[in-house]
Amino acid sequence: MPRNDDHGVTPQGEDFSAWYNELVTKAQLVDRGPARGTMVIRPYGYRVWELLQSELDTRIKDTGHDNAYFPLLIPESYLRREAEHVEGFAPELAVVTHAGGKELEEPLVIRPTSETVIGEMMSRWISSHRDLPLLLNQWANIVRWELRPRMFLRTTEFLWQEGHTAHADEAEALAETMLALDLYTQVARDVAALAVVPGEKTPGERFAGAAQTFTIEAMMRDGRALQAGTTHYMATNFARAFGIQYTSEAGQLEYCHTTSWGMSTRMIGAIIMAHGDDKGLVLPPNLAPYQVVVVPIGRGEQFDSVLAASRALAADLKQAGIRVHVDERTQLSPGFKFNDWELRGAPIRIELGPRDLDAGTAVVAQRLGMAGKSTLAIADLAATLPGMLADYQDYLLRRAATFRDEHTAVVDDWAEFVSAVSTGWALALHCGAAACEDDIKAETAATPRCIPLDGPPETGRCIRCDADSAYGKRVIFGRAY
RNA sequence: CGGGAUGUAGCGCAGCUUGGUUAGCGCGCCUGCUUUGGGAGCAGGAGGUCGCGGGUUCGAAUCCCGCCAUCCCGACCA
């Protein structure tokens, strides 16, 4: 239940879910949309998305992919062409049955993902090995009628990027799948400061229609896992369904091997839950709409000169490449603003008042990782702050990694497993049987999150059923969002 | 789809049990004055088809029936 007091948010330890729900609204990231499960992304939240988007888009283009745009509406029959795909998505489709005042001859689905249309178009564009690889990406909105919507994590409509590529053979397509996974890992670590674990999904957790699915898993501060991006190797499943074929150098007609991969606005939910605390958001500098917020303090004529100095400082910092904002709201007290920017996750706050102006200094406070405030010369700030922001970014990643490691246990018996997944992750051997996964889920709510790529080789007995272990290494289990 | 709950001002709520003048409170908002270094104070003011439809009644936010919506907990999922 929301607090009736208008300040602050419910502590994480009291009710993590309430903390999250109150925070996304109070920090002005989002507001509820009028239709069920929809979200309005407000300017402050959309800026975070734009920053993330730009970082990822640059990397996607640098690795040879081109952006394109495919239609929102897809003929229903397309979905049916790939058996597993339609089975996986049918329950969550939104379907347009009427348009132009008439019932449509063939219903149109609002894309839940675009493998089908893109597959259809690829089949028209590819005919020779010279047309390969075809490396496409699109930024789009998609709709999935989920049973239980949650801001950023699972909204009815969400924004994402979906890469779709076609290759001559399995090796190339698999390499592409891993390349995309690596892009995601980089963005998660270097931009979002998330200590993600890249790994492969077990067969039961695969994307509908994929031969192999890979993921980056992040740990939230309540110990639960969040899938922050996935990449899929489709083998020739979609190529066969949509006729994506090419003539090889040897003159043979061959099916393409395709991939797809996506990262979505869910990533923002991951950032909120991986870094946030009882005071509110903690945004990594690389994604903060305002990396530095200046709070001018004073009254009357004093305030005018403080404001002038604040604006001059902001201009300086902007020159130094910092995203800076001066909080000029006159009706609010400094104390209110301090709390407000802490709630909204601004990495660094600068307090500038008459005392400081006289001394030529400013009070600098970091959102986390620094005891108290420090007093620095105004003239030095433009030179000092970029380094502070970079250090703070690193600090957040280290903190996330430490938290993850402290909440991950290597377990070899069932009691330890149950205990580990109640507060975090368990690294355990598993037999690989779907029925055994289901059994574990029924008992503990935990699911296999991934088989970590860099896990050392190990074999033994299944943590649950004592059968021979599969995968040749340990699997991460955890409760997931 | 199962379980639980809620719809009263922008937000958070009280009022309903036991029907009765003009539906209250806190926050926010507007105006004015005083304030501003950790969530400012005083004064004045604006803001409501009480979720929708029907019924009972002289009279319904309140009682009855139906509907709709939303939220929370699970199962599905990026």
Side-chain angles (χ1 to χ4, degrees), chain A residues 1-8 10 15-18 20-22 25-26 31-38 87-93 112-113 140-162 184 201 205-208 213 215-218 225-232 260-270 279-280 295-300 302-303 306-307 327 329-343 349-357 361-363 365 372-373 375 438 441-442 445 447 479-481:
Chain A
M1 277 284 100
R3 291 157 76 92
N4 44 14
D5 140 16
D6 211 43
H7 300 310
T10 298
D15 185 342
F16 197 83
S17 197
Y20 181 84
N21 287 328
E22 290 165 27
T25 307
K26 288 192 172 180
D31 207 345
R32 323 202 66 81
R36 189 197 108 100
T38 59
E87 194 189 326
F89 282 105
E92 45 189 290
L93 291 178
T113 177
N141 58 337
I142 63 185
V143 167
R144 296 182 186 178
W145 215 258
E146 300 287 357
L147 298 177
R148 201 177 146 205
R150 206 154 146 63
M151 289 295 171
F152 289 118
L153 305 179
R154 226 172 9 250
T155 44
T156 298
E157 176 187 0
F158 61 94
L159 304 181
W160 76 347
Q161 151 282 126
E162 47 181 324
Y184 290 162
K201 285 290 186 188
E205 299 276 323
R206 262 180 214 144
F207 177 79
T213 288
T215 176
I216 52 172
E217 295 287 323
L226 184 71
Q227 180 175 309
T230 46
T231 75
H232 316 289
S260 75
W261 28 282
M263 181 179 274
S264 72
T265 38
R266 165 180 273 193
M267 192 69 174
I268 298 174
K279 286 191 198 168
V295 178
I297 300 165
R299 57 166 183 264
Q302 277 186 322
F303 186 77
V306 166
L307 191 55
D327 189 343
R329 295 176 292 180
T330 50
Q331 73 280 18
L332 298 175
S333 69
F336 183 94
K337 292 178 183 178
F338 298 164
N339 286 293
D340 193 38
W341 288 110
E342 278 161 10
L343 177 80
R349 180 182 72 242
I350 294 179
E351 308 169 16
L352 204 55
R355 295 204 302 251
D356 304 297
L357 279 196
T361 59
V363 173
K373 309 176 183 182
T375 303
D438 292 346
K441 184 172 186 180
T447 51
R479 292 170 303 147
Y481 277 100

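Each chain gets a letter, A, B and so on, in the order its sequence line appears, and its residues count up from 1.
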Quick check for you: to the nearest 0.5 Å, what is the distance between [X] atom [atom1] and [Y] atom [atom2]?
X	Y	atom1	atom2	result
Y481(A)	R266(A)	OH	CZ	11.0 Å
K279(A)	E342(A)	NZ	CD	4.5 Å
D340(A)	R329(A)	CG	CZ	4.5 Å
K201(A)	H232(A)	NZ	NE2	10.0 Å
D356(A)	I297(A)	CG	CD1	7.0 Å
R32(A)	N21(A)	CZ	CG	7.0 Å

Answer with base, sugar-phosphate or nothing: what part of the nucleic acid does [X] contact at a heavy-atom distance below 4.0 Å?
X	result
N21(A)	sugar-phosphate
E157(A)	nothing
R150(A)	nothing
R355(A)	base
G353(A)	base
Q227(A)	sugar-phosphate
V295(A)	nothing
F89(A)	nothing
T155(A)	base
S17(A)	sugar-phosphate
L153(A)	base
K441(A)	sugar-phosphate

With [atom1] as the reference atom in both, quote the distance from [N] to [M] in angstrom, rounded to an integer.
N	M	atom1	value
rC50(B)	rG54(B)	P	13 Å
rG53(B)	rU62(B)	P	13 Å
rG2(B)	rA46(B)	C1'	46 Å
rG48(B)	rC1(B)	P	37 Å
rU56(B)	rG19(B)	C1'	11 Å
rG28(B)	rC13(B)	C1'	14 Å
rC29(B)	rC11(B)	P	15 Å
rU8(B)	rU70(B)	C1'	15 Å

Notebook entry, point to check: Mind checking who rG74(B) pairs with, Watson-Crick or G-U wobble, both distances under 3.5 Å?
Noted result: rC1(B)
Notebook entry, point to check: rC29(B) pairs with which nucleotide, Watson-Crick or G-U wobble, both distances below 3.5 Å?
Noted result: rG45(B)
Which nucleotide in the list [options] gets nearest to the side chain of [X]?
X	options	result
L147(A)	rA40(B), rA78(B), rA75(B)	rA75(B)
E351(A)	rG37(B), rC71(B), rA78(B)	rG37(B)
D356(A)	rC77(B), rA40(B), rG37(B)	rG37(B)

Notebook entry, point to check: When you check the phosphate oxygens OP1 and OP2 of rA40(B), does a side-chain N or O of S333(A) lie under 4.0 Å from one of them?
Noted result: yes
Note to self: Check this one for me: any side-chain N or O of R299(A) less than 4.0 Å away from OP1 or OP2 of rU34(B)?
What the structure shows: no
Next item on the list: Return yes if some donor-acceptor pair links the side-chain N/O of Y20(A) with the main-chain N/O of D15(A) below 3.5 Å, else return no.
Entry: no
Check: Is the aromatic ring of F158(A) within stacking range of rA78(B), meaning centres under 5.5 angstrom and planes under 30 degrees?
Finding: yes
Item checked: 5′-ward residue of the pair A480(A)/T330(A) relative to RNA chain B -> T330(A)
Margin query: For G300(A) and E92(A), find the nucleotide of RNA chain B closest to each by heavy atoms; which residue's nucleotide sits nearer the 5' end?
Written below: G300(A)
